[in-house]
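From a predicted model like this one, the values you see are computed outputs, not experimental measurements. The first residue of the sequence shown is numbered 1, and numbering continues consecutively from there. We use all heavy atoms of the structure for the numbers below, so side chains are in, but hydrogens, waters and symmetry mates are not.
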Amino acid sequence: MKKYLFLLIVCLCGVLAAGCSDDEDNAPVDKGIVGEWQLAAWSGDAVQQIEAYVDFRSDASFSLYQKFTTPLFVRYDGSYSTRGNLLSGIYTDGTPLGADYEFTLSEDGNTLTLTSRTSAVETTVYTRTSIPGDVRNAPLAPSMRSAAYRLL
């Protein structure tokens, strides 16, 4: 009888441990940043030669669409997480984001400000928008490592 009780407890502990590890594997997401955003300013300057959009999805994935050194938009995909007001992530090719970012949202939720946590601080400001269809159809970049500059 003790043997069966012991096996029952071991099985129950295994089921509970599996359930807990699933919760830990799911990266937390701040629902306020979920949505589509367009780059409005970079380090305090209005953006003129750079066009960028980012789509933060509720499943903790993102797509960055940027036109910086290319005549057309290029798409970079990845995953992200938020902890408090800190955003971090990784591109699908294994390259981490250019930095971890502190983020703030405006009171109305329509402006997202990202400030890099690096020695050379960069600030990017995004406004909530809908990403145009032609931008969404941008080809996936072969690798983030090939990008001349990362906006995230």
Side-chain angles (χ1 to χ4, degrees), residues 12-70 72-152:
L12 183 60
C13 288
V15 168
L16 290 175
C20 291
S21 67
D22 287 346
D23 291 343
E24 292 169 7
D25 291 341
N26 293 330
V29 171
D30 183 302
K31 300 297 184 196
I33 70 169
V34 171
E36 300 176 6
W37 303 91
Q38 181 178 17
L39 182 65
W42 181 19
S43 291
D45 296 328
V47 180
Q48 296 187 15
Q49 297 178 350
I50 303 168
E51 289 185 67
Y53 295 88
V54 64
D55 181 7
F56 289 111
R57 294 181 284 276
S58 61
D59 66 356
S61 66
F62 73 88
S63 291
L64 168 66
Y65 305 88
Q66 73 179 41
K67 182 167 55 168
F68 183 59
T69 59
T70 59
L72 302 173
F73 279 94
V74 178
R75 185 181 92 230
Y76 301 96
D77 292 338
S79 60
Y80 74 98
S81 65
T82 59
R83 299 220 187 278
N85 71 334
L86 188 64
L87 169 78
S88 58
I90 189 166
Y91 291 96
T92 54
D93 70 354
T95 304
L97 294 184
D100 287 337
Y101 297 90
E102 290 182 16
F103 70 90
T104 56
L105 289 162
S106 61
E107 281 189 34
D108 64 3
N110 291 323
T111 303
L112 170 65
T113 303
L114 301 175
T115 305
S116 67
R117 296 186 65 188
T118 57
S119 57
V121 175
E122 290 185 346
T123 301
T124 52
V125 178
Y126 291 85
T127 55
R128 197 175 292 277
T129 190
S130 293
I131 299 174
D134 60 324
V135 174
R136 280 202 176 280
N137 293 328
L140 182 62
S143 170
M144 193 61 213
R145 291 179 178 94
S146 66
Y149 192 82
R150 306 176 214 187
L151 292 175
L152 266 185

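The two residues Ser106 and Asn110 make their nearest non-hydrogen contact at OG-N, 3.2 Å. When all heavy atoms of Asp100 and Ser88 are compared, the pair lying nearest together is OD1-CB, 3.0 Å. Contact between Trp42 and Ile50 at its shortest, heavy atoms only, is CZ3-CD1, 2.6 Å. Closest non-hydrogen pair, Asp30 versus Thr82, comes out as N-OG1, 2.7 Å. Summarising the geometry of Leu112 relative to Phe103, their closest heavy-atom pair is CD1-CB, 3.9 Å, with the distance given to 0.1 Å. Heavy-atom minimum distance, Phe73 versus Lys67: CD2-N, 3.8 Å.
In this structure, Tyr80 and Phe56 have perpendicular ring planes: the angle between them is above 60°, well past the 30° mark.
To the nearest 0.5 angstrom, Arg75 atom CZ is 9.5 Å from Asn137 atom CG. The CG atom of Asn85 sits 8.0 Å away from the OG1 atom of Thr104 when rounded to the nearest 0.5 Å. Asp77 contributes atom CG, which lies 7.0 Å from atom OH of Tyr65 (distance to the nearest 0.5 angstrom). Residue Leu39 holds its CG atom at 9.5 Å from CG of Leu114, rounded to the nearest 0.5 Å.
Note on residues 127-136: pairs passing salt bridge (Lys or Arg N to Asp or Glu O under 4.0 Å), not counting sequence neighbours, are Glu36-Arg136, Asp55-Arg136. Pairs of residues two or more places apart, or lying in two chains, never qualify as salt bridge (Lys or Arg N to Asp or Glu O under 4.0 Å) while including a residue from residues 104-114.
Phe62 pairs in a ring pair (Phe, Tyr, Trp, His ring centres under 6.0 Å) with only one of the listed residues (Tyr126, Tyr76, Tyr91), which is Tyr91.
The side-chain hydrogen bond (donor to acceptor under 3.5 Å, both in side chains) check on Thr92 picks up nothing, with sequence neighbours excluded.
Residue-environment remark: CZ (Arg57) exceeds the threshold of 12 foreign heavy atoms within 6.0 Å.
A donor-acceptor pair is defined here as one N or O able to donate and one able to accept, closer than 3.5 Å; no such pair exists between the side chain of Ser116 and the backbone of Ala99.
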